[in-house]
Every structure is written in structure tokens, then in C-alpha cells.
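Computed from a predicted model, the values in this text were never measured in an experiment.
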Amino acid sequence: QVQLVESGGGLVQAGGSLRLSCAASGIIFSRSTMAWYRQAPGKERELVAGISSGGTTNYADSVKGRFTISRDNAKNTMYLQMNTLKPEDTAVYYCNANNVVATSGRGYLQVWGQGTLVTISS
């Protein structure tokens with residue numbers, strides 16, 4: 001079964017930190033391009049950060065210098081370290097896998113997790 005499961009969300013004060021995790025199963029994780037997206041209430045889903053299979057990273061301007069995306073292929077897990085959090089970072093954060101090959105051999109263009117809520121209080 002192809003699955004992405006996020007964890008690590010919660011309520012923190014502005015200026016605090018959180019680390020999100022995304023555990024993948026059923027896919028060839030090391031070959032997948034991974035990303036974190038977020039969706040705030042009343043807004044469209046937006047890309048937060050991405051990481052290629054080779055480890056190349058990219059970030060939204062709004063999080064550069066505060067967030068760090070990483071992956072551990074041995075654990076089939078991706079992370080998002082979020083520091084100096086702001087109230088405007090409040091959103092549901094989603095894990096995404098792009099151009100996925102499942103361990104069954106089937107291909108998927110996109111796989112999404114169920115999301116984890118991050119709330120930053122001022």
C-alpha cells in the first residue's frame with residue numbers, strides 16, 4: 001500500500017520550533033522527489049520546500065533561512081525543521097511525493113499525505 005504519513009504538528013508560540021516528519025511506505029523512496037506543501041485557512045495550497053532524490057533542495061521565499069528540508073533514505077522518511085515560527089506559518093502541512101514508483105512497480109504522478117496541523121500563536 002502506497003502511503004505517506006505526516007507527524008509532528010502542534011501548537012507552538014511565535015519564535016518557537018517544530019520538526020515535521022513524513023514516513024513513506026510502499027514506494028521506492030530513494031528515487032522519489034519529495035516536498036512539503038501547506039494550506040492555510042481560506043488560501044490555496046502552496047509549496048513550502050522540495051528535495052530531489054539527489055538531495056537538491058528548494059524553498060519558498062517566505063521560509064528561506066527558517067525552514068530546512070531533509071531526507072533519510074534508509075528510514076524512508078522526510079523531515080521539515082521549522083525554526084523562528086511566525087503566526088503566518090499556521091496551516092495544514094502536507095507531504096508530497098512526485099513521480100513515484102511503488103514497490104509493486106506501479107507508477108504514480110502524485111502521492112499525498114493526510115496532513116498535519118501546525119498552529120503558531122502570537
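- Using a 4.5 Å heavy-atom threshold, the side chains of E88 and I120 count as separate.
- Inter-residue side-chain proximity for T33 and N99 is flagged as unmet; no heavy-atom pair is nearer than 4.5 Å.
- Listed by first then second residue, pairs satisfying ring pair (Phe, Tyr, Trp, His ring centres under 6.0 Å) with a partner in residues 49-76 number zero, not counting sequence neighbours.
- Shortest non-hydrogen contact noted between A14 and P87 is CB-CD, 4.1 Å.
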Q) Could you walk me through whether V118 and L20 pass the side chain to side chain contact (heavy atoms under 4.5 Å, CB included) check? A) CA-CA 9 Å; V118 171; L20 305 183; 4.0 Å; yes
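- In this structure, N96 CG and W36 CH2 are separated by 10.5 Å, a value rounded to the nearest 0.5 Å.
- For R45 and Y94, the positive end sits near the middle of the six-membered ring, less than 6.0 Å away and at most 45° from its axis.
- Annotation: side-chain contact (heavy atoms from CB on, under 4.5 Å) contacts of N73 (sequence neighbours excluded): F29, S30, R71.
- The side-chain heavy atoms of R38 and S62, taken from C-beta on, include a pair separated by under 4.5 Å.
- N58 has its side chain within reach of L47: a pair of non-hydrogen atoms, C-beta onward, lies under 4.5 Å apart.
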Q. Yes or no on side chain to side chain contact (heavy atoms under 4.5 Å, CB included) for M78 and I51, after CA distance, side-chain angles and deciding distance?
A. CA-CA 9 Å; M78 175 179 65; I51 185 166; 4.1 Å; yes
Q. Can N83 and S17 be said to form a side chain to side chain donor-acceptor pair (under 3.5 Å), step by step?
A. CA-CA 4 Å; N83 298 329; S17 298; 2.9 Å; yes
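- Of all heavy-atom pairs between A49 and L80, the closest is CB-CD1, 4.3 Å.
- For the pair T77 and S21, the tightest heavy-atom approach, listed with the atom from each and the gap, is CG2-CB, 4.3 Å.
- The line from CD1 of I27 to OG1 of T103 is 9.0 Å long, rounded to the nearest 0.5 Å.
- Formation of a donor-acceptor pair under 3.5 Å by the T90 side chain with backbone atoms of T119 is not found in this model.
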Q. What's the verdict on side chain to side chain contact (heavy atoms under 4.5 Å, CB included) for S121 and V12, showing C-alpha distance, side-chain angles and the deciding distance?
A. CA-CA 6 Å; S121 63; V12 297; over 6 Å; no
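- The shortest side-chain heavy-atom distance between M82 and Y93 falls under the 4.5 Å cut-off.
- Crowding of Q110 atom CD: a count of heavy atoms from other residues, nucleotides or ligands under 6.0 Å exceeding 12.
- A heavy-atom distance below 4.5 Å is not found between the side chains of C22 and Y79.
- At a threshold of 4.5 Å between non-hydrogen side-chain atoms, the residues L4 and W112 do not count as touching.
- Look at D61 and K64 and you find a salt bridge, because one of the NZ, NE, NH1 or NH2 atoms lies within 4.0 Å of a carboxylate O, short of that distance.
- Here the side chains of C95 and M34 are in contact, with some heavy-atom distance below 4.5 Å.
- Side-chain N or O atoms of Q39 include none that pairs as donor or acceptor with a backbone N or O of E46 at under 3.5 Å.
- Note: L85 CG to L18 CG = 5.5 Å, rounded to the nearest 0.5 Å.
- Taking CG of N76 as the reference point, atom CD1 of I28 lies at 10.5 Å (rounded to 0.5 Å).
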